[in-house]
Amino acid sequence: MSDREGGPEGPRLISVRTMDIVVALMMLGAAAIVISDSLRLGMGWQELVGPQSGYFPFYIGLILAGASAINLLRAVFDTRGAQKTFTTKPAVLQVLAVLIPLVIYVAAVYYIGTYVASAIYMALFMWYFGKYAIWRGALVGLAVSFAFFLMFEIWFLVPLPKGPIDDPLVPIISGFLRSLGLY
Amino acid sequence: MPKQAQFRWTRSLLLAAGAVALASAPAFAQGWQPSKPVTFIIPAGTGGGADQMARFIQGIVSKHNLMTQPFVVVNKAGGAGAEGFLDVKGSKGDPHKIIITLSNLFTTPLATGTPFNWKDLTPVAMLALDQFVLWVNAESPYKTAKEYIAAVKGGADRQFKMAGTGSKQEDQIITVALERITGGKKFTYIPFAGGGAVAVQLVGNHVNSTVNNPIEAVAQWRAGKLRPLCIFDGKRSIYTNKVTQTMAWSDIPTCKESGVDVEYQMLRGIFMPAGVTKDQVAFYVGLFQKVRETPEWKKFMEDGAFNQTFMAGDEYAKWVEAAEKTHFELMKEAGFLAKK
Amino acid sequence: MEEIASLLSGFGVVLTPFNILLMLVGIVLGVVIGVLPGLGGANGVAILLPLTFSLAQLPGGKTSAIILLSCIYWGALFGGAITSILFNIPGEPWSVATTFDGHPMARQGRADQALTAAFTSSFVGALLAVIVITFFAPLVARFALSFDTPELFAVQFLTFASFVGVDRAPPFKTIAAMALGFALASAGFDSVTGTLRMTFGFNDLVNGFPFLVAVIGLFGIGEILRTMEQGLAFRGVHAKINPKAVIQTWGRLVRHWSTALMGSFIGCWMGIKPGGATPASFMSYGLARRFAKNPEAFGKGEIRGVVAPETAAHAAGTTALLPMLTLGIPGSPTAAVLLGGLLIWGLQPGPLLFIEQKDFVWGLIASMYLGNVVGLLIVLTCVPLFAAILRIPFSIIAPAIMILCAIGAYTANNAMFNLWMVVMFGVIGYVFVKLDYPLAPLVLALVLGDKAEEAFRQSMLKSQGSLSIFWSNWLVGIIMSLGVLLLFWPIISRAIALARGRTRVADAPT
């Protein structure tokens, strides 16, 4: 009863034990960061300030370190977890197939703006995972982007990051809508 | 025509003429107009004094059609406003972005070491100066600032609690300034996130005094829960309409006349990113001149007992420079400067 | 009953075709704003505030203006639950707890039931809260004033205590997740001393780790990553749209009246002063689960797990307006913006508002009743529509959700860096769930951490470092003692069971 239900079958890539150890080590690292910065800020009592800035995080850091150390030890001696599958190779590929485009999408928002990046992301996602024709993906992508554009830029006046293509469109579309009396 | 009304009328005519002159001046030099929505950044959270003023301006501008493009108001409150100022600093040359400031323009970089300074921005105009008033609970025995300060002097060190907005910001600066005259007795200063919370601490009798802005405490004053002791300005307020049954803003004595020689006012002003053209600045100066002329703005100023000083151009830049120096000295004295 | 007469006159003010129209517009806008993660009720109201400016200057216009704005708020309260249930993305901070059981219900093909339960509970919570406002406003205002910083801390502590130990994750993983939440909460600007913590010179970190960004990543993106791993199958696809779902769910909801009552009570109390809607929803969920006969059903699609947080959140959201009206202090960010609105329209919230602006106040209260009825009708008729969204193929809905998450993260406080943060939290969410690290204590610590620390330090300043301030009067003493009792409840209940000589059989999965 080790495996999760569903999920692509395949050779185990990483065991639960390995992942437990990795996460516990990262949490220990986080605790070290928190504790070191708390010590820099001061973690005692200061006249007129009360508990210093580092007081609360310091103890939180200690608790985090303690709990993570126990989790680490438990993982190291966890023989059952060594048999359990955290993820398989096909599963990891599936996740990366979503995660990497997501990272590229976020980076693209910086350079070409939310709306253009979103339309492209939507189109490619539908084409790659949904096996839709690329023009259908493009159509849906443009429609979704346009809907968000109307909602944020025009109606709610909440500006989202824009790039060289979508930025000049704001006055054009708002002017057009205004001439139609829709806005 | 009654004399006062006439005076007001003449004054507004003069101001209107000024506004026209300002508005028409750029017309010669190819008047600049925004070509897309203007982002109006508030380096403070929703609901605070700066936020109220910015949204009020947004309302006036859209109601009176003062601008062809809308204002888009964005709150960037993180790190005591550092987030907002850093955003404007990073938008060099962008004429479609303005920011409203409060004292954190000076205090945040000094107290946190965040790398920005008003010199990274272009000063546009001072809209008003916000006042500070020393308040106590109406049930407390202190009728004047003198009595209260004497009580602090006579009490134990840190016995008196002062609630204020933020840490190492205007309220605490005033508190430290008050401690110069309390004979070495310190207040216990307790920081809160917003002016409303501070006023309630005082109404609930959980602290002894506050230095709330007028608008933050006026409702409780009118309800007879709070008592103003003095106003931290060089002269009394000009608003003579009764606020409570018996008192107007102008009836609150200045702190100086009560023997408490402390003055402090907070800038409510507008800045733009660096690297914008003169035309672009002139457009916004003209815009805010027009905003100031609306009856809504005048009422807003009176409700909040604002000091309506208006400045632009070099005069404003000089004022800001002097204010920065004052803040540096006050904060240095209080030990609030960031450790380098 | 003077209140009833005033209320009736209030209804007279509100019941004009124009005001009803504004109500409809407000609710619809509010639902849209509630659905979009990142855009909250506070943003929605703030954005429309300038538009109300002209409206407020018409005769009776101030009432119309507040109706429009408050209906946006009700709409946002209703709407927050929609994405929580359908996609595991909390549309609003207070609908995080709704995801715990609402989303599992949707995955079991019961999205229509979950939505009906959420909307109905919201309505019940709001209704009870408005009744409290109608009849006990002055009393409640006085109660709110008696809350000092130790009481605030005690309430945070109680929220926390009522929630810990309700999940069955390995205890040290729970502790680690919780501590991580507190650590994340402490990063950024420390408002008590005005210094920066754990930013290490990165200006992007001055704002710390915003709660909404974290939950959108942990829940929304984490969920998509897990679903993708299992091969694109979104299990709610087979959801049948049952037109009778609303009536059938109502039949079931009646049985959970005690949960709803408890949730409303917690919500009313938390909204008035200290906590706000988000902690209220967590506390209510925690208590409902703790005192349920079958706590193991929670987290797997238990309808009470939707009722409890939704009643509390909506009740808290409603009573949060009361201190704003009677004291001029906002009980929530949205109330803060509404307060600004009142000032802009030339009204002065505070103790005299109820005397000087009777028409306005009672019009507002009447609109609270009507607005919520209108809101309930609108959202309930849309239940089949919302549930039908799940029928859209996953390869279309998944990228749309990702985009929504990214935009939501950005709009949480208009920062580019949030986009990276949300991806990072997505990965954390994916890994944590697979390793049995519970997410709920993490997000609870993240939402409470800041405020609890602040209240604790303010109290310490007042008492000059003496912990006795937390038992210094009956109010704070009772809350703290309740918190301690709840914190050790698992141990206490086991001790009681042992004393009675019977041990509980290990819970069998149902």
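Residue numbering restarts at 1 for every chain, and letters A, B, ... go by the order of the sequence lines. Atom set for the values below is all heavy atoms of this structure, side chains included, hydrogens, waters and symmetry mates excluded. The model shown is predicted, which means the values in this text are computed figures rather than measured ones.
- Among the candidates C:L145, C:D190, C:L461, C:D148, the residue making the largest number of heavy-atom pairs closer than 4.5 Å to chain B is C:D148.
- B:E83 places no side-chain N or O within donor-acceptor distance of the main-chain N or O of C:N207, the cut-off being under 3.5 Å.
- Looking only at side-chain heavy atoms (C-beta outward), C:P351 and B:V203 stay at 4.5 Å or farther from each other.
- Contacts between B:V61 and chain C at a heavy-atom distance below 4.5 Å are absent for every atom of the residue.
- Comparing C:L205, C:D204, C:L49, C:T193 by how many heavy-atom pairs each has under 4.5 Å with chain B, the most go to C:T193.
- For the pair C:K462 and B:T188, the minimum side-chain heavy-atom distance is 4.5 Å or more.
- Distance check: C:S146 OG to B:N205 CG gives 12.0 Å after rounding to the nearest 0.5 Å.
- In the displayed structure, C:E356 atom CD is contacted under 6.0 Å by more than 12 heavy atoms of other residues, nucleotides or ligands.
- Residue C:F202 places its CZ atom among 12 or fewer non-hydrogen atoms of other residues, nucleotides or ligands, all under 6.0 Å distant.
- Counting only heavy atoms from C-beta outward, the side chains of B:N75 and C:N413 never approach each other to under 4.5 Å.
- Residue B:K185 qualifies as enclosed at atom NZ: its count of foreign heavy atoms under 6.0 Å is above 12.
- Residues B:T112 and C:T195 fail the side-chain proximity criterion, which asks for heavy atoms closer than 4.5 Å.
- In this structure, the portions of C:T149 lying under 4.5 Å from any heavy atom of chain B include both its backbone and its side chain.
- A heavy-atom distance below 4.5 Å is not found between the side chains of C:F147 and B:V200.
- Looking at B:L86, only its side chain comes within 4.5 Å of chain C, counting heavy atoms on both sides.
- Other residues, nucleotides and ligands contribute more than 12 heavy atoms inside 6.0 Å of the NZ atom of B:K242.
- Counting heavy-atom pairs closer than 4.5 Å to chain C, the top residue among B:K225, B:Q172, B:Q201 is B:Q201.
- For the options B:G59, B:A82, B:S62, B:G204, heavy-atom pairs under 4.5 Å to chain C are most numerous at B:G59.
- Your options are B:E216, B:K168, B:R222, and the one with the most heavy-atom pairs under 4.5 Å with chain C is B:R222.
- Under a 3.5 Å cut-off, the side chain of B:K76 and the backbone N or O of C:N414 do form a donor-acceptor pair.
- Summarising the geometry of C:F189 relative to B:A80, their closest heavy-atom pair is CZ-CB, 3.3 Å, with the distance given to 0.1 Å.
- Proximity to chain C (any heavy atom under 4.5 Å) is shown, for B:F192, by both the backbone and the side chain.
- A pairwise comparison of heavy atoms in C:P349 and B:A219 identifies O-CB, 2.9 Å as the closest pair.
- Counting heavy-atom pairs closer than 4.5 Å to chain C, the top-ranked of the candidates B:M53, B:R158, B:K299 is B:R158.
- Annotation for C:S191 and B:S167: closest pair O-CB, 3.3 Å, computed over non-hydrogen atoms.
- Contacts with chain B were tallied for C:G350, C:G194, C:A144; C:G194 has the most, counting heavy-atom pairs under 4.5 Å.
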